[in-house]
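One-based numbering, in listed order, for ligands and for the atoms of each. Just so you know, these numbers come straight off a predicted model, no measurement behind them.
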Amino acid sequence: MSTGRVFDIQRFSIHDGPGIRTTVFLKGCPLRCLWCSNPESLDPKPQLSYLAATCIACGACFPVCKPGALTKDAAGKAVVDRARCTNCGDCVAVCDAQALELVGRDMTVSEVMDVVLRDRDYYAQSGGGLTLSGGEPLLQPEFVEELLHAAHNQGLHCCVETAGYAGCEVFERLKRGVDLWLFDYKESDPHLHTKFTGRERETIVARLSQLHDSGAKILLRCPMIPQCNTRPDHLDGIAALARQLPKLVGVELLPYFDLWRAKLPRFGLTTALPDTVKPPTREQMKTWNDHLRGRGVRLAG
Ligand code: SF4
Ligand code: SF4
């Protein structure tokens, strides 16, 4: 049985497909979206999380850090030198306050299913099931295939959320096990797509078209990021794409949230997205949805 690198499992999720679901978040992503809501998902390797507010200055971690990545501040709290830290996790084991944590661990299919099956009664009542997200689940196709197979054997409905940047063969391999694809589409302008996500748009749209033509059920999900992709020309681009893909289940605009910014210091990460970018208002979301509706787009929900 293969293992997958998981960084979170969220039970009672209601935004990742129909009904009540358990969402399994896999680590590693080929994109670098400026607004990534899970910045801890990008690196495929486990990463040290340090929450200074939780540190009780006990001093237990300093002697165990072989590379010397931990120093004390004036209050005796730990300071992590990210250039030296190897993410070995030795310090985590001695931090009783749980200020230090290693995010991303290898789990077997049966370990994940043990968690997923705890809520099967809720799935049955609500039409929910299992959703794989990330990161990019398609970076771990062997594990995803086995997990989907195990979930289907238990009669669970399965969604996979993807940004679409993977080889054709990965989609071919997995598509039979997926009941609904939650396919992210982020920007219609090719130059801006590369600027915002670090990857070219063409590959993603090609995979989306191939998946659509194969008969897969796809919900197109478009994050709306003020100052980036809320322009009318992008909305028109979404409408044009939806016209080319008539068998889409629907299109869903997702409002930007900025809670992810609070995670950055925990991992020593920074962002190029200006902090003037704020979540859209309800009125803005309504305007954008109306824009799509006016162009004949079938909206989900
Ligand atoms: S994860 Fe390892 S290298 Fe990094 S601070 Fe902890 S003990 Fe040091
Ligand atoms: S072991 Fe944890 S609580 Fe103690 S000094 Fe290190 S980070 Fe702080």
Side-chain angles (χ1 to χ4, degrees), residues 1-11 22-112 114-116 132-144 147 163 197-198 257-273 275:
M1 186 179 282
S2 64
T3 59
R5 187 153 291 163
V6 175
F7 73 90
D8 197 8
I9 298 180
Q10 281 179 9
R11 297 166 65 192
T22 293
T23 303
V24 178
F25 293 88
L26 301 183
K27 212 160 175 338
C29 185
L31 272 64
R32 290 293 180 269
C33 302
L34 294 180
W35 51 79
C36 180
S37 58
N38 293 321
E40 74 275 36
S41 75
L42 301 177
D43 190 330
K45 299 189 295 300
Q47 275 171 288
L48 183 70
S49 160
Y50 170 56
L51 205 53
T54 309
C55 174
I56 55 171
C58 71
C61 56
F62 303 112
V64 304
C65 178
K66 296 184 192 77
L70 294 171
T71 52
K72 288 180 195 173
D73 69 7
K77 290 192 177 203
V79 177
V80 181
D81 180 346
R82 295 284 170 175
R84 289 192 172 192
C85 175
T86 60
N87 296 299
C88 68
D90 288 352
C91 55
V92 174
V94 299
C95 181
D96 291 339
Q98 298 183 331
L100 295 160
E101 184 191 353
L102 207 56
V103 173
R105 69 183 182 108
D106 293 341
M107 297 180 74
T108 64
V109 168
S110 88
E111 284 173 328
V112 173
D114 281 348
V115 180
V116 171
L132 303 184
S133 183
E136 174 53 71
L138 304 194
L139 284 187
Q140 303 185 53
E142 191 176 339
F143 176 71
V144 167
L147 187 52
T197 72
F257 289 105
D258 57 3
L259 296 175
W260 59 276
R261 282 186 186 276
K263 296 185 195 175
L264 295 174
R266 277 176 51 196
F267 297 93
L269 299 172
T270 56
T271 177
L273 193 74
D275 58 12

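Close approach of ligand 1 to Leu48 is summarised as follows: ligand atoms under 4.0 Å from at least one heavy atom of the residue are 5 (S). If you number the atoms of ligand 2 from 1 as listed, the ones under 4.0 Å from a heavy atom of Ala97 come out as 3 (S). If you number the atoms of ligand 2 from 1 as listed, the ones under 4.0 Å from a heavy atom of Leu100 come out as 7 (S). Atoms of ligand 2 lying under 4.0 Å from at least one heavy atom of Cys55, given by number and element, are 3 (S), 5 (S), 7 (S), 8 (Fe). Atoms of ligand 2 lying under 4.0 Å from at least one heavy atom of Cys61, given by number and element, are 1 (S), 5 (S), 6 (Fe), 7 (S). Using a 4.0 Å cut-off to heavy atoms of Pro67, the atoms of ligand 1 that qualify are 3 (S).
Under 4.0 angstrom from ligand 1, the non-hydrogen atoms of Thr86 come from both its backbone and its side chain. When non-hydrogen atoms are compared, ligand 1 lies under 4.0 Å from the backbone of Asn87 (N, CA, C, O) but not from its side chain.
Residue, atom and distance of the protein heavy atom nearest to atom 8 (Fe) of ligand 1 are Cys65 SG, 2.3 Å. Closest to atom 4 (Fe) of ligand 1 among all protein heavy atoms lies Cys85 SG, 2.4 Å. Nearest protein heavy-atom neighbour of atom 5 (S) of ligand 2: Gly59 N, 3.4 Å. Ranking protein heavy atoms by distance to atom 3 (S) of ligand 2, first place goes to Ile56 N, 3.4 Å. The protein non-hydrogen atom at the shortest distance from atom 2 (Fe) of ligand 1 is Cys88 SG, 2.3 Å. When only non-hydrogen protein atoms are considered, atom 1 (S) of ligand 1 lies nearest to Gly89 N, 3.3 Å.
A 4.5 Å side-chain heavy-atom check between Val24 and Val116 finds at least one atom pair inside the cut-off. The shortest distance between side-chain heavy atoms of Phe25 and Leu132 does not fall below 4.5 Å. Side-chain contact between Glu40 and Lys263 is present, with heavy atoms from C-beta onward closer than 4.5 Å. Side-chain contact check for Thr108 versus Phe143: every heavy-atom pair is 4.5 Å or farther apart.
A donor-acceptor contact shorter than 3.5 Å is absent between the side chain of Thr54 and the backbone of Ala99. A donor-acceptor pair under 3.5 Å is absent between the side-chain atoms of Lys72 and the main chain of Lys77, judged by distance alone. Formation of a donor-acceptor pair under 3.5 Å by the Gln140 side chain with backbone atoms of Lys27 is found in this model.
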Checklist entry - Asp90 and Lys66: salt bridge (Lys or Arg N to Asp or Glu O under 4.0 Å), yes or no, with the steps? => result CA-CA 9 Å; Asp90 288 352; Lys66 296 184 192 77; 3.0 Å; yes
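For the pair Pro137 and Val144, the tightest heavy-atom approach, listed with the atom from each and the gap, is O-CG2, 3.3 Å.
The shortest separation from a heavy atom of Leu70 to ligand 1 is under 4.0 Å, placing the residue in contact.
Among the atoms of Cys91, no N, O or S atom falls under 2.8 Å of atom 2 (Fe) of ligand 1.
For the residue pair Arg266/Ser49, the side-chain donor-acceptor check at 3.5 Å is satisfied.
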